[in-house]
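As structure tokens, the structure follows; a few thoughts come after it.
Note: hydrogens, waters and symmetry copies are ignored here, and every other heavy atom, side chains too, is used. Nothing fancy with the numbering, it's 1 onward along the sequence. Only a predicted model underlies this, so the values are computations on that prediction, with no experimental measurement involved.
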Amino acid sequence: MFRLENTKVDPLHKFPLKERKFARTRTNLTFGLLTLMESRPYDEIKIIELCKIAEISEPTFYNYFPEKDDLILHYIQIWSLFVTVFNEKQNSEGSGYGLLVSLFQYTARESKKNPRILLEIISFQARKKKKLQHQTLTDAEKTLLFPNHPEILSLKIGGIEMLLEKAMNLAQLKKELPKDTNWKSLSLSIASCFFGIPILSFQLGENLETVWLETFHYIWLGAGGRIKEKTQRRRKK
């Protein structure tokens, strides 16, 4: 589960009181959901339980989220932010391949702490027939999560769709894939890998990061993608 960075000074001291309270309460509610999901299915968790963790009343909950499902969307936004920061540290050359490797590596390492959470998120998204509308993180929330990264406010975040789109754009810009690449089909193949492999991996007792990267590597090379030698060495570490 995510952990807030340590800092001696209140990272939100420059924000108005209302924005500080909003950021902390929404973050506490989401982290509370993650804690409960470590041992119980998402559908069994009640809003009143989350309110007790965040120390707010149940009616007040709706000042922060329209419904419980919005907590999942908020979590996905936070996850996307952590993936983006992890990628910036790992993928100094800004390649599309590198971004996707970071996506799989970071998510696998986080899910290793408690696989149930990732499977619950995948199950949640599979049940939703309409397109999910992600709520944008506020500047105060971003600062709370990454107080030691001043550039955090300028980072674009979203869900898996945004990360895949960014990766495809980078791959095209860096000429990592052939000009005639069917970008839509490739994105769908990688998305299928992202959502499908965890289920098989956990059922078969395989290491998620290894299977994810091997499968993605196969897709990438099959599409005619190029991988720089040092990037491939880093992937194997």
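The salt bridge (charged side-chain N to carboxylate O under 4.0 Å, His left out) pairs that include a residue from residues 48-62 are Arg40-Glu49, where partners are two or more places apart or lie in different chains.
By the 30° and 60° cut-offs, the orientation of the rings of Phe61 relative to Phe65 is tilted. Taking the six-membered ring where tryptophan is involved, the planes of Tyr42 and Phe124 are perpendicular, since the angle between them exceeds 60° and thus also 30°.
Here the CD1 atom belonging to Ile121 is positioned 3.5 Å from the CD1 atom belonging to Ile72, to the nearest 0.5 angstrom. To the nearest 0.5 Å, atom CD of residue Glu209 and atom OG of residue Ser111 are 9.0 Å apart. Rounding to the nearest 0.5 Å places OG of Ser80 at 8.5 Å from CG of Leu137. Glu161 contributes atom CD, which lies 9.0 Å from atom CG of Leu163 (distance to the nearest 0.5 angstrom). For the atom pair Ile199 CD1 and Leu204 CG, the distance stands at 11.5 Å (nearest 0.5 Å). In this structure, the separation between OH on Tyr64 and SG on Cys51 is 10.5 Å, given to the nearest 0.5 Å.
Side-chain contact between Ser95 and Leu170 is absent, with no heavy-atom pair separated by less than 4.5 Å. Residues Thr181 and Met168 have side chains not in contact (no heavy-atom distance under 4.5 Å, counting atoms from C-beta outward). Between Leu103 and Leu99, the closest side-chain pair of non-hydrogen atoms is not below 4.5 Å. Trp212 places none of its side-chain heavy atoms less than 4.5 Å from the side chain of Gln105.
Under the salt bridge (Lys or Arg N to Asp or Glu O under 4.0 Å) criterion, Glu141 pairs with Arg26, sequence neighbours left out.
Within the 3.5 Å criterion, the main-chain N or O of Glu206 finds a donor-acceptor partner in the side chain of Ser201. Panel note: side chain Ser187, backbone Trp183; a donor-acceptor pair is recorded below 3.5 Å. Of the possible polar contacts, one joining the Asn114 side chain to the Glu38 backbone as a donor-acceptor pair under 3.5 Å is found. Of the possible donor and acceptor atoms, none in the side chain of Asn87 sits under 3.5 Å from a partner among the backbone N and O of Val83. Between the side chain of Ser154 and the main chain of Glu151, a donor-acceptor pair closer than 3.5 Å is present. Of the possible donor and acceptor atoms, one in the side chain of His13 sits under 3.5 Å from a partner among the backbone N and O of Asp10. Checking side-chain atoms of Thr35 against main-chain N and O of Phe31 turns up a donor-acceptor pair under 3.5 Å. Counting only distance, with no hydrogens or angles, the side chain of Glu120 and the backbone of Met37 share no donor-acceptor pair below 3.5 Å. Checking side-chain atoms of Lys68 against main-chain N and O of Ile45 turns up a donor-acceptor pair under 3.5 Å.
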Evaluation steps, side chain to side chain contact (heavy atoms under 4.5 Å, CB included), between Phe82 and Glu110 | CA-CA 10 Å; Phe82 274 78; Glu110 280 298 309; over 6 Å; no
Could you please spell out the steps behind the side chain to side chain contact (heavy atoms under 4.5 Å, CB included) verdict for Leu33 and His74?
-> CA-CA 11 Å; Leu33 175 66; His74 191 244; over 6 Å; no
Does the side chain to side chain contact (heavy atoms under 4.5 Å, CB included) test come out yes or no for His149 and Thr143, once each step is laid out?
-> CA-CA 8 Å; His149 297 261; Thr143 303; over 6 Å; no
Applying side chain to side chain contact (heavy atoms under 4.5 Å, CB included), run through Ile197 and Phe104 and close with a yes or a no.
-> CA-CA 11 Å; Ile197 290 299; Phe104 290 118; over 6 Å; no
Per-pair distances, 0.1 Å, donor-acceptor, side chain in residues 15-23, under 3.5 Å, sequence neighbours excluded:
from: Arg20; atom 1: NH1; to: Phe15; atom 2: O; distance (Å): 2.7

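Linking ILVMFWY side-chain heavy atoms closer than 4.5 Å, directly or via other members, places Leu188 and Phe194 in two distinct hydrophobic clusters.
Thr30 and Thr27 form no side-chain donor-acceptor contact under 3.5 Å, judged by distance and modelled atom types alone. A donor and an acceptor atom, one from each side chain of Trp79 and Thr107, are located under 3.5 Å apart.
The pair Asp43-Arg127 counts as a salt bridge, with a side-chain nitrogen and a carboxylate oxygen less than 4.0 angstrom apart.
Of all heavy-atom pairs spanning Leu164 and Ala191, the tightest one is CD1-CB, 3.8 Å. Nearest heavy atoms, Leu29 versus Leu50: CD2-O, 3.6 Å.
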